Q: 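One structure, as structure tokens, below. Some questions next.
Residue numbers count from 1 along this sequence. The structure displayed is predicted, hence computed values, not measured ones.
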Amino acid sequence: MKLILYFGHTGTTEKAAGLLANELDESIVLNGMKKNKIDFSSYDSIIFGVNVHMGKLNKKFLKFYKKLKKKKIPTEFACFVIAADEHQKTKYMNMAKEVLPEDSYIGFFGGEFDPTRAKGLNRAVIKSCINQFMEQGLPLPSLDMDAIKDFAEHLQ
């Protein structure tokens with residue numbers, strides 16, 4: 001059984017976690033932003049879904065993983081990164097590689113601009129980005145289904 005534990009703010013990471021779960025044989029999806037009592041020994045692997053916010057990995061993920069690392073759980077780790085800026089893909093994947101164990105599998109699923117669950121300044125920034133893309137005639141960023149399928153295939 002695989003645990004997909006996602007950390008995100010506006011719903012895209014949650015959406016990607018659900019899409020990944022549909023591609024995997026046995027998995028459970030939990031919101032890492034909420035307090036969950038998890039028996040990590042029940043899982044063959046833990047897959048983190050992490051959004052990038054303001055050019056950095058989700059702070060709650062970093063804090064959570066720091067505590068988890070101290071428990072020395074003998075399981076495999078993987079991580080998918082969610083970010084709308086495809087040009088920074090390598091940078092974001094490297095940031096995840098620096099945090100997780102050396103043998104962890106890291107993927108990049110792209111991202112979306114979705115202001116529906118964003119609040120305050122975040123919502124305004126997302127709407128502004130959408131407007132800029134539309135004014136320039138650029139396609140809006142989206143999740144990469146091929147990357148999600150390849151990631152799942154690697155983990156099977």
Side-chain angles (χ1 to χ4, degrees), residues 1-123 126 141-156:
M1 179 75 86
K2 293 171 179 41
L3 171 63
I4 303 171
L5 196 58
Y6 69 88
F7 296 80
H9 296 98
T10 62
T12 305
T13 313
E14 178 181 9
K15 179 179 177 180
L19 292 169
L20 178 61
N22 290 338
E23 297 292 326
L24 295 171
D25 291 335
E26 292 183 18
S27 63
I28 184 170
V29 177
L30 293 175
N31 183 346
M33 304 286 278
K34 296 182 178 178
K35 294 188 179 197
N36 299 295
K37 294 201 180 214
I38 303 169
D39 177 10
F40 292 104
S41 65
S42 337
Y43 300 100
D44 304 326
S45 61
I46 300 171
I47 305 161
F48 297 107
V50 182
N51 76 316
V52 173
H53 184 70
M54 303 298 286
K56 297 181 181 177
L57 295 179
N58 184 296
K59 289 179 187 178
K60 288 194 177 189
F61 160 71
L62 295 172
K63 186 177 179 181
F64 178 91
Y65 184 72
K66 188 175 182 180
K67 289 180 183 178
L68 183 65
K69 189 175 176 181
K70 291 177 183 177
K71 295 181 181 181
K72 298 183 180 178
I73 298 167
T75 189
E76 293 180 8
F77 292 101
C79 178
F80 64 85
V81 178
I82 297 295
D85 189 354
E86 179 81 25
H87 296 67
Q88 298 294 324
K89 172 182 175 177
T90 303
K91 174 185 171 184
Y92 298 147
M93 289 175 69
N94 284 337
M95 288 177 3
K97 285 178 186 177
E98 289 174 15
V99 173
L100 295 170
E102 192 174 301
D103 60 346
S104 299
Y105 186 67
I106 311 293
F108 182 84
F109 291 1
E112 298 177 331
F113 292 143
D114 184 359
T116 54
R117 290 175 53 184
K119 297 176 183 171
L121 182 60
N122 284 340
R123 179 182 221 129
I126 292 170
S142 62
L143 290 173
D144 183 343
M145 278 308 299
D146 290 336
I148 294 170
K149 289 178 181 181
D150 289 346
F151 190 86
E153 189 175 304
H154 179 85
L155 296 178
Q156 296 287 18

Q: For I106 and F151, work out which heavy atoms get closest and say how close.
A: C-CE1, 4.0 Å
Q: Could you pull out all residues at least two apart from H154 that satisfy ring pair (Phe, Tyr, Trp, His ring centres under 6.0 Å)?
A: Y105
Q: Could you work out, with side chain to side chain contact (heavy atoms under 4.5 Å, CB included) as the rule, every residue matching A118, not counting sequence neighbours?
A: T10, N122, R123, I126
Q: Could you work out, with side-chain hydrogen bond (donor to acceptor under 3.5 Å, both in side chains) as the rule, every residue matching N58, not counting sequence neighbours?
A: N51
Q: Which heavy atom in F109 sits nearest to a heavy atom in A16, and how many Å separate them?
A: CD2-CB, 4.0 Å
Q: As an exercise, state the distance from OG1 of T13 to CG of L20, rounded to the nearest 0.5 Å.
A: 12.0 Å
Q: Please, which pairs that meet side-chain hydrogen bond (donor to acceptor under 3.5 Å, both in side chains) have at least one residue in residues 26-41, sequence neighbours excluded?
A: D39-S41, D39-S42
Q: Could I get the full list of salt bridge (charged side-chain N to carboxylate O under 4.0 Å, His left out) partners for K15, not counting sequence neighbours?
A: E112
Q: Listed by chain and number, what are the ring pair (Phe, Tyr, Trp, His ring centres under 6.0 Å) partners of Y92, not counting sequence neighbours?
A: none
Q: Which pairs with one or both residues in residues 59-68 pass side-chain hydrogen bond (donor to acceptor under 3.5 Å, both in side chains), sequence neighbours excluded?
A: none
Q: Residues in side chain to side chain contact (heavy atoms under 4.5 Å, CB included) with D25, at least two apart?
A: Q156
Q: Holding to side chain to side chain contact (heavy atoms under 4.5 Å, CB included), I want the full list of residues that pass it with L62, two or more places apart in sequence or in another chain.
A: L57, V99
Q: Quick one: pull up CG in L5 and CZ in F7 and give me the separation to the nearest 0.5 Å.
A: 4.0 Å
Q: Mind checking what makes side chain to side chain contact (heavy atoms under 4.5 Å, CB included) contact with R117, not counting sequence neighbours?
A: E14
Q: By the salt bridge (Lys or Arg N to Asp or Glu O under 4.0 Å) test, which pairs, at least two apart or in different chains, include something from residues 77-103?
A: none
Q: Calculate, to the nearest 0.5 Å, the distance between atoms CD1 and CD1 belonging to I28 and I4 respectively.
A: 9.5 Å
Q: Check side-chain hydrogen bond (donor to acceptor under 3.5 Å, both in side chains) between D114 and all other residues, then give those that pass, not counting sequence neighbours.
A: T116
Q: Quick one: closest heavy-atom pair of G49 and F80, and the distance?
A: CA-CZ, 3.3 Å
